[in-house]
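First the structure, in the form of C-alpha cells, and then the observations on it.
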Amino acid sequence: MTDVSGDTHGVYGITVAAELTGLGEQTLRLYERKGLLTPARTAGGARRYSDRDLTVLRRTVELLADGLNLAGARRVLDLEAANALLRLRLAELTD
DNA sequence: CTTCTAACA
DNA sequence: TGTTAGCA
C-alpha cells in the first residue's frame, strides 16, 4: 500500500526496539506471543519493528504501569485500534 | 538473530 | 503472571 503516514514500516531490529522502549528483548518476544503486537519479519525470520510497533510498546508500558496485566493491555490496544479506525470513518462522513 | 527451558518474585 | 538467564 501507499504508505504516506510512514510509520508502518520504519524498520528496527529487536535490539534497537528494546533500547528505544526500555524493555528487554525476551520481553518483546513475549509481548508478541501474547498478541500485543505483530512485528514484520525478514526473509530469515528476524523481527522488524515499525514506528507503529514502538508506539504500541510505549502504550503497553503505560498500561502495565496503570496496573493492567498483558491480557488487559492487549484488549485496550485492540479497542484503541478499533476506535482509531472508527474515527477515520467518522471523519470521512463529517468532512 | 531465532526458539526453547527453567528459575524467580 | 511477567521477566530474565542460559542454551541450542
Side-chain angles (χ1 to χ4, degrees):
Chain A
M1 303 226 190
T2 34
D3 185 15
V4 189
S5 36
D7 53 353
T8 316
H9 50 80
V11 197
Y12 310 90
I14 194 172
T15 301
V16 179
E19 286 178 357
L20 265 41
T21 56
L23 296 166
E25 306 177 10
Q26 212 71 246
T27 301
L28 295 185
R29 297 187 181 106
L30 178 69
Y31 288 0
E32 178 180 5
R33 195 155 61 88
K34 291 291 184 178
L36 274 71
L37 48 4
T38 308
R41 295 287 186 138
T42 65
R47 276 165 257 254
R48 239 42 197 188
Y49 290 88
S50 65
D51 283 327
R52 262 283 210 105
D53 294 326
L54 294 186
T55 301
V56 170
L57 288 174
R58 295 191 192 108
R59 255 270 175 281
T60 301
V61 171
E62 199 178 348
L63 293 173
L64 295 180
D66 284 343
L68 290 155
N69 59 17
L70 293 183
R74 188 188 104 84
R75 292 185 64 105
V76 171
L77 256 19
D78 285 347
L79 288 171
E80 285 180 345
N83 187 269
L85 221 82
L86 290 172
R87 283 181 175 276
L88 271 172
R89 304 237 325 158
L90 180 62
E92 291 175 12
L93 293 175
T94 51
D95 71 347

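Note on naming: letters A, B, ... go to the chains in the order of the sequence lines (proteins, then strands), and numbering restarts at 1 for each one. Nothing here was measured: the structure is a model prediction, and the numbers come from that model.
- Between the CD atom of A/Glu25 and the C1' atom of C/dT4 there is a distance of 12 Å, rounded to whole Å.
- Atom CG of A/Leu23 and atom C1' of C/dG2 are 12 Å apart (whole Å).
- When the side-chain nitrogen and oxygen atoms of A/Thr42 are compared with OP1 and OP2 of B/dC1, none of them lie within a distance under 4.0 Å.
- Partners of A/Arg74 according to the side chain to side chain contact (heavy atoms under 4.5 Å, CB included) rule, which considers only residues two or more places apart in sequence or in another chain, are A/Leu36, A/Asp78.
- C/dC7: no Watson-Crick or G-U partner with both key distances under 3.5 Å is found in any strand.
- Among the atoms of the strands shown, only primed sugar atoms or phosphate atoms (P, OP1, OP2) are found under 4.0 Å from some heavy atom of A/Ile14.
- A/Tyr49 has its side chain within reach of A/Leu28: a pair of non-hydrogen atoms, C-beta onward, lies under 4.5 Å apart.
- The distance from atom CG of A/Leu28 to atom C1' of B/dT2 is 14 Å, rounded to the nearest whole Å.
- Separating the CZ atom of A/Arg29 from the C1' atom of C/dG2 is a distance of 16 Å, rounded to the nearest angstrom.
- For the side chain to side chain contact (heavy atoms under 4.5 Å, CB included) with A/Pro39, the lone residue among A/Arg48, A/Glu32, A/Arg29 that qualifies is A/Glu32.
- A/Arg48 comes within contact range of no nucleotide atom at all, as no heavy-atom separation falls under 4.0 Å.
- OP1 or OP2 of B/dC1 has not a single side-chain nitrogen or oxygen of A/Arg47 nearer than 4.0 Å.
- In this structure, A/Leu30 atom CG and C/dA5 atom C1' are separated by 15 Å, rounded to whole Å.
- Residue A/Tyr31 has no polar side-chain atom (N or O) positioned under 4.0 Å from OP1 or OP2 of C/dG2.
- With rounding to whole Å, A/Leu63 atom CG is found 16 Å from C/dT1 atom C1'.
- Judged by distance alone, with hydrogens and angles left aside, the side-chain atoms of A/Asn69 form a donor-acceptor pair with the main-chain N or O of A/Ala71 at under 3.5 Å.
- As rounded to whole Å, 14 Å separates atom C1' of C/dG2 from atom CG of A/Leu68.
- Between the CD atom of A/Glu32 and the P atom of B/dC4 there is a distance of 12 Å, given to the nearest Å.
- Side-chain atoms of A/Gln26 stay outside donor-acceptor range of the base of C/dG2, with no qualifying N/O pair under 3.5 Å.
- Checking side-chain atoms of A/Asp66 against main-chain N and O of A/Leu63 turns up no donor-acceptor pair under 3.5 Å.
- For A/Thr15, whose side chain is taken as the heavy atoms from C-beta onward, the closest listed nucleotide among B/dT2, C/dT1, B/dC1 is B/dC1.
- In terms of phosphate contacts, A/Arg41 brings a side-chain nitrogen or oxygen within less than 4.0 Å of OP1 or OP2 of B/dT3.
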